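What you see is a predicted model; the values in this text were computed from it and never measured.
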Amino acid sequence: MKGKKASLFLIPSAVGILVFYILPFMYLLYSSFVGDTMDSSFAGFQNYIELFENRAFLTAVRNTGAFALMAVPLAIVLPIIFSLMLEEELMGKRWFRLMFLSPMMVPSASIVLIWQILFCYDGYWARIVAFFSGRKVDFFHSALGIGVILLLFLWKNLGYYMIIYMAALAEVPTELLEAAQMDGGNKVQQFFYIKLPHMSPSILFTLILTVISSFKIFREVYLLVGPYPYDSMYLLQHFINNAFVDMNYQKLSCVTIVLTIVLSLILSGLFWLESRLGKDFEA
Amino acid sequence: MKKNIFLILMSFVMMLGGCGRTELKEAEAYNSFSKETLCTSALTGGWNEEIAAYDENTCILLKGRIVGEPEEAVLENEFYSMQRENGTVEKLELEGIKTYSTLFSVTMPASGGLLVMDVLNGDMYRYDENYQMTGQVNALDMDVYQKEEMNSEYGYEPSVYLESDSEYIYIYQEMSECMKLDILNSEMEVIYTQKEKIEDSVYIPCPNLSSTCLFARVQGEDVLFFQFNAEKQTMEEVKEKKIRGKAELFENANKYCGDSLYDCYLYDNTSTPKTEYSYDLLGVKDGVFYKIVSFESMNMDGITPYFATDGNGGFLTEQYEILSDENVYVLLKPDDVGDGGNLKEGKIVACIAGAAEAEQLKKYASAFNGTSDKYYIEIKDYESIHETYEDAARAMNLDVINGEEIDGVNLYQTDREKLIVNGYLAPLNDYLDKSAVLSEETIQDFVWKCMQEEDGMIYSVYPEFSLQGVLSKKKIDFSRLQEYADKQKSLFFKEKPEDLLRKLMRFSGNRFVDEEKGTACFDEDFLALLECVKMNSVEAGAEDDYALQIVHGEAMAYYETIDFPYTYYFNEYLFDGEFVCGNYGTDAPVLVPGVLEMGVLASSDRKEAVYAFWDYMFEDANYNRDFGKIAFPILKSSWEEWKIRLTATEEYTDRYGETIHVGDFPYSAGGLDIVIPPMEQEDVGRMMEMMQQAVVVRPMRAEYLQIICEEAKGYFHGSKSPEEVRDNIDNRIQNALNE
């Protein structure tokens, strides 16, 4: 009886999930198997085959994959290092913290403006590189473009991840650290044997966030280089956005389904990892 | 204690309510209207007419027109009375009234008779029920500035409003430095005068057929109402009539005399972009707005701002019919059981979405709906509710792909090709095979050819078209542009390089970007083009008069849209008798459909309604009255009409009974003013020959053009080499093509 009553209270949420998540997703799935927008004829896997033959899609997958492989480790490791630094009694510690957090407060359009000033063909970085190498570098029209996006991604997100890690570090019991210190454990040992295990839930949380956002980075890149950038900066979200603008719902549905499956697999792996590490930590 | 708390809470809630804004409510008095055409203006052709004054039974119509040669032109006026019940019109001979070169303000006092003010000399005349003069007085006090303005060559039109009720006469005038209100008694003696310099202090008369006149005064966002107290000689506020927070709407709308039902009526047909109240007749009662009727939903949004209540819920309005060029007086009667002017009932209703020229489409739809027994066309107007055409088109595209109830679509600014490629537009070949109005036989051959896609399918029709291309005296070899640049000081008219490049690339077909093959080829020719454009261009803000540059020999060619025959003639003049029109990659003029290019959605199951509408629109008489007159028409019949019109040397009456004036037309373009005489047969022949060469080249996708112009700036501004620019364009466009 209790269970039945409880499930009654779940109905509003279940309806919400059904209407706003499951049904639209089912429609998307249906669209991906439809040949024509107007006559809705069944096309089997034709749309998926065409998608995997699409050179722009493959470029986007390659660039997004490369970006995620670079961005995820850096977005995990760098904030840990910075949060450990800020944990120490440094001069101007408050200013450093503010400096790292400031990108979160700045609107995307302003961030992009700053990046354009820094990295455009006549920008500061191009001049610095030209001064040392004698050759101008066109960041937005070369393979270095992905590096610019990576920097932008890190610059924008480091502050947020740092807050999470600093909160996790604050939760580490001081008695454990004092005991380790008395037993002769150095800073590195303290980090790896005490702090890191305590931080692991936060690390996994940021890992999930980073993976998702690395696949979905778009707004700043779009503002920076538009819908059709140089091929080194062409990401999956460009492909998705352009399919939408081109009114190609089939392509849009297919790529969304593929992206959802890939991200679900990665996230499932991460959740499995989280549950394993969580158990280890508790043990 | 509890009661006290309740009272405090209630008073707080009421206080909040009191601070709120005036709400708009549906009218409570009646729900629907029947529409009856009372009378059609018999006086057209140069006459303007208005409902100048009215009471419950009669309307005074004032007609005016300018007569005589421009230097000696005078204004001629005539007065008519119209019986509201049956529309009987009678011309009035009003003693004392000068009917030439003056302006009038008129009112019908509740005590009977008529008051007419000659605004230019300030004389006011009083007439009895039989329109016999019973008095005359000079009642207008014009200041020196007004008099000077009136005598100036520009002709000053003083703003003077004459109103009345059963007791008083009100004269309100906007003077050069102040506003003035005079109140006169029935003997036409001034009993109260108020002059105000500040606009917020002015009392504007709001007369009423069944009670004394109210005076409105705007205060911030509110409108206050006052009544004249003759004993105290002051204005006293009528607090319950205060309008809260809607001063802007009140000020912008046309205001009409109230009656026993409403304090006054408002109608806004001027706001751009449209507001939520546009084309709605609003009644104002005790500070509350009531929506009485939507003229738009009754297909009467073309009404002019003349309107008269009969005091019993009925209204007389004046509607201008563009197709017949007539004023129609329409009586709207409250009718709870009628269809309220709803012409939709029992018909198949189809919707045409439009992001441009919706007003013109609406006029045609309105006329069509009045004649068709089977179909009703609704125009979904995106243009008026969005800031730009692009925004309107984007919203419309989304509705189209989201399966909104849209049957036809106006393709201006839409992604036409995307709609076709993704199967949203239905082929029209079957319709065009059967239509008696639009078919291969009726449409000009070269237009018919241009309407077809490569596979022979036709997805859109349009009433008019223009030709675009580079105009020059001699043919330009676009593959050897660099040679021209070397020899001549300037090949093209000098303008911003990005603008020129965009024009040249727009109709370059698959010369550089081949969408079908998915390849981009920016070769040496493109480099030459970049160089040539750079050499032939100037920075923004520099001298940019194309006509003078061509005449002075500073430029050989320029890019132009020829959208009607006089533009063609002007270019003949500019290039000493003849010229050629070409485009990069095609060497021929490109035919560009007009703004009203329309298609039908494949998903529509009411296609036949849209086709019936097109048949009506393109019907000989309808089409030739409008489209065939101005731009290049697509129908053969209209073109024959053009030939006669362009070559006529004497005034004549066309086959629709319209007088066609001929002669020398002044034409200005760039820095040149010329006079265009009737064309010779040879000119018309040459123009036709050029048209027959026209080809249709689908414009390069806006995204590609954007990439090209964006990257080319690097070269034009000197920071990159043409090769670098070329490589960057190639990389980005190839990537876009891969999609």
Side-chain angles (χ1 to χ4, degrees), chain A residues 27 31 34-41 43 50-51 53-63 120-123 126-127 130 135-143 145 224-236 238-252 255, chain B residues 393-394 396-403 414-427 513 515 518-520 600-605 701-711 713-715 717-721 724-739:
Chain A
Y27 180 73
S31 295
V34 164
D36 192 287
T37 316
M38 304 316 281
D39 70 5
S40 307
S41 56
E50 281 174 16
L51 180 71
E53 284 173 355
N54 189 305
R55 279 186 290 167
F57 174 70
L58 298 177
T59 307
V61 168
R62 194 183 60 227
N63 289 342
C120 73
Y121 194 62
D122 291 317
R127 287 181 197 178
R135 206 175 126 254
K136 256 190 173 180
V137 177
D138 191 351
F139 286 100
F140 295 147
H141 294 99
S142 67
L224 197 63
V225 286
Y228 295 101
Y230 201 79
D231 63 355
S232 65
M233 299 174 90
Y234 184 80
L235 301 173
L236 258 181
H238 281 110
F239 186 79
I240 292 172
N241 180 66
N242 294 341
F244 174 73
V245 173
D246 284 349
M247 303 177 202
N248 194 331
Y249 272 19
Q250 281 64 49
K251 193 157 74 175
L252 183 64
V255 71
Chain B
R394 200 172 300 127
M396 190 170 76
N397 277 348
L398 276 177
D399 281 354
V400 166
I401 59 179
N402 284 334
T414 58
D415 293 308
R416 183 186 181 280
E417 307 311 310
K418 290 176 190 170
L419 288 174
I420 294 174
V421 167
N422 291 303
Y424 291 104
L425 287 187
V513 180
E515 276 205 73
T519 55
V600 163
L601 294 191
S603 57
S604 167
D605 47 13
R701 274 181 66 171
E703 292 90 338
Y704 304 154
L705 274 177
Q706 182 62 25
I707 292 172
I708 292 169
C709 294
E710 208 176 277
E711 295 293 344
K713 269 184 194 173
Y715 169 62
H717 297 169
S719 57
K720 287 180 185 171
S721 70
E724 278 176 303
V725 165
R726 188 252 315 261
D727 293 344
N728 291 341
I729 291 173
D730 195 55
N731 180 294
R732 289 178 66 185
I733 289 190
Q734 190 58 60
N735 211 31
L737 284 166
N738 287 345
E739 280 186 352

Going by heavy atoms in the side chains, are B/Val600 and B/Leu425 under 4.5 Å from each other?
no
So, do A/Lys136 and A/Asp122 sit near enough that their side-chain heavy atoms are less than 4.5 Å apart?
yes
Residues in ring pair (Phe, Tyr, Trp, His ring centres under 6.0 Å) contact with A/Tyr230, at least two apart in sequence or another chain
A/His141
Which atoms of [X] come close to chain B, meaning under 4.5 Å heavy atom to heavy atom: side chain ones, backbone ones, both, or neither?
| X | result |
| --- | --- |
| A/Lys251 | side chain |
| A/Phe57 | neither |
| A/Val245 | both |
| A/Asp246 | both |

Portion of [X] that has a non-hydrogen atom of chain A nearer than 4.5 angstrom:
| X | value |
| --- | --- |
| B/Arg701 | side chain |
| B/Gln706 | neither |
| B/Glu724 | side chain |
| B/Ile733 | neither |

With sequence neighbours left out, what residues match A/Tyr27 under side-chain hydrogen bond (donor to acceptor under 3.5 Å, both in side chains)?
none
Does A/Asp231 offer a backbone N or O that forms a donor-acceptor pair with the side chain of A/Asn63 under 3.5 Å?
yes
Closest non-hydrogen atom pair, A/Ala43 against A/Val34
CB-C, 3.9 Å
Kindly determine whether A/Tyr234 and A/Asn242 satisfy side-chain contact (heavy atoms from CB on, under 4.5 Å), including the steps that lead there.
CA-CA 11 Å; A/Tyr234 184 80; A/Asn242 294 341; 4.2 Å; yes
Note: vs chain A, highest number of non-hydrogen pairs under 4.5 angstrom among B/Asn728, B/Leu737, B/Asp727, B/Val421 is B/Asn728
